[in-house]
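Below is one structure, written out as structure tokens; the observations come after it.
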Amino acid sequence: MKKSLLLTSIMAFFVLLTGCSTSQATQAEKAERRIRVAQAVADSLRQQTFTIEVSYVNPQRMRSRNLSYGYDLQVRNGEVIESNLPFFGEVRRAEYGSQSGLNFTDKIAQYQSGRLKKDGYFVELVVQRRLEVLFYRIEVFDNGRASVMVNSDNRDSMHFMGEMIVGD
């Protein structure tokens with residue numbers, strides 16, 4: 001009986017010891033991953049080429065909702081934007097037959113970026129479409145989380161949340 005109790009105690013000690021060493025390795029791996037993601041975010045924004053997948057939308061006049069897969073925003077070389085975003089709200093003036101939401105590929109008229117005060121970056125884009133001017137403010141944090149605000153002179157504003165796609 002005493003041997004069994006001693007053996008059980010020793011086994012419990014080794015299981016506890018193994019659990020502690022695993023969590024320390026996990027903490028180190030998590031810290032390393034955070035550094036890699038922050039560096040990938042900085043590199044993508046420096047190159048002015050990035051993709052943000054959005055998963056949540058907060059329209060101006062409707063309730064917030066989760067989005068299904070497939071909505072994103074791509075910027076290439078700071079010159080071209082490919083916007084594949086839904087639109088929920090009021091449009092004050094639209095092109096005849098246009099029902100595309102915020103789905104288009106176009107040239108970027110103005111591109112400005114910089115560092116936020118803490119742990120992130122911002123990018124401001126102006127896109128001049130035929131009947132409207134769209135203003136995108138993108139905030140990307142070091143952990144890859146992103147926020148996209150779309151304002152227009154012609155339609156309700158939209159706020160999206162998602163993540164920057166980074167190689168990992």
Side-chain angles (χ1 to χ4, degrees), residues 26-27 29-95 98-168:
T26 303
Q27 291 298 328
E29 290 170 358
K30 286 181 182 179
E32 183 180 316
R33 184 180 189 297
R34 278 193 299 269
I35 291 169
R36 279 195 324 264
V37 169
Q39 186 61 47
V41 166
D43 290 346
S44 294
L45 292 171
R46 190 177 318 105
Q47 296 170 5
Q48 299 180 350
T49 299
F50 54 88
T51 300
I52 296 175
E53 273 187 0
V54 297
S55 57
Y56 191 78
V57 63
N58 185 9
Q60 182 176 337
R61 297 177 191 262
M62 301 174 78
R63 67 177 178 80
S64 301
R65 63 182 74 176
N66 290 315
L67 295 173
S68 60
Y69 177 79
Y71 294 108
D72 64 7
L73 173 73
Q74 297 177 30
V75 173
R76 294 189 297 264
N77 300 320
E79 297 174 357
V80 176
I81 183 172
E82 186 174 328
S83 179
N84 299 308
L85 301 174
F87 177 77
F88 307 101
E90 182 180 299
V91 178
R92 288 173 278 288
R93 183 177 57 177
E95 290 180 41
S98 174
Q99 302 256 337
S100 62
L102 295 169
N103 297 318
F104 62 87
T105 301
D106 212 333
K107 289 185 177 187
I108 297 171
Q110 293 177 9
Y111 185 102
Q112 180 181 354
S113 64
R115 186 92 166 130
L116 293 172
K117 288 183 180 179
K118 186 178 180 184
D119 72 359
Y121 302 87
F122 73 89
V123 176
E124 294 177 342
L125 308 173
V126 176
V127 180
Q128 295 178 330
R129 307 276 297 151
R130 290 183 206 144
L131 294 179
E132 70 181 325
V133 176
L134 293 164
F135 176 78
Y136 285 75
R137 177 166 173 98
I138 304 162
E139 293 183 359
V140 183
F141 298 94
D142 289 340
N143 63 3
R145 300 268 186 217
S147 167
V148 178
M149 183 65 145
V150 183
N151 290 311
S152 169
D153 61 341
N154 206 24
R155 62 173 88 199
D156 289 346
S157 63
M158 300 285 291
H159 182 224
F160 300 93
M161 289 173 271
E163 277 193 52
M164 178 182 274
I165 305 302
V166 293
D168 199 349

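- Considering all non-hydrogen atoms of both residues, Thr105 and Arg76 come closest at CG2-NH2, 4.0 Å.
- Taking every heavy atom of both residues into account, Met158 and Pro86 meet most closely at CE-O, 3.7 Å.
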Assess the residue pair Tyr111 and Val75 against the criterion (side-chain contact (heavy atoms from CB on, under 4.5 Å)); give the C-alpha distance rounded to whole Å, side-chain angles, the decisive distance to 0.1 Å, and a yes or no. CA-CA 10 Å; Tyr111 185 102; Val75 173; 4.0 Å; yes

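- If you check the side chains of Gln47 and Asp43, you find no donor sitting under 3.5 Å from an acceptor.
- The side-chain heavy atoms of Tyr136 and Leu73, taken from C-beta on, include a pair separated by under 4.5 Å.
- Taken from CG in Asn84 to CG in Leu102, the straight-line distance is 10.0 Å, to the nearest 0.5 Å.
- Leu134 contributes atom CG, which lies 10.5 Å from atom CG of Leu85 (distance to the nearest 0.5 angstrom).
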Report the C-alpha distance between Val54 and Leu67 in whole Å, list the side-chain angles of each, state the deciding distance to 0.1 Å, and finish with yes or no for side-chain contact (heavy atoms from CB on, under 4.5 Å). CA-CA 7 Å; Val54 297; Leu67 295 173; 4.0 Å; yes

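- Distance check, rounded to the nearest 0.5 Å: CD of Glu82 to CZ of Phe104 gives 10.0 Å.
- Going from atom CE of Met164 over to atom CZ of Phe141 covers 11.5 Å, rounded to the nearest 0.5 Å.
- Remark: Asp119 CG to Asn143 CG distance equals 7.0 Å, nearest 0.5 Å.
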Stepwise side-chain contact (heavy atoms from CB on, under 4.5 Å) test for Ile52 and Ile138: CA-CA 9 Å; Ile52 296 175; Ile138 304 162; 3.3 Å; yes

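- A donor-acceptor pair under 3.5 Å is formed between the side chain of Arg115 and the backbone N or O of Gly120.
- Tyr121 OH: more than 12 foreign heavy atoms inside a 6.0 Å radius.
- Closest non-hydrogen pair, Gly144 versus Val37, comes out as N-CG1, 4.0 Å.
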Given the rule in the side-chain contact (heavy atoms from CB on, under 4.5 Å) test, do Arg36 and Arg33 qualify, once you have shown the distances and angles that lead to the verdict? CA-CA 5 Å; Arg36 279 195 324 264; Arg33 184 180 189 297; 3.8 Å; yes

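- Between atom CD of residue Glu53 and atom CE of residue Met161 there is a gap of 15.5 Å, rounded to the nearest 0.5 Å.
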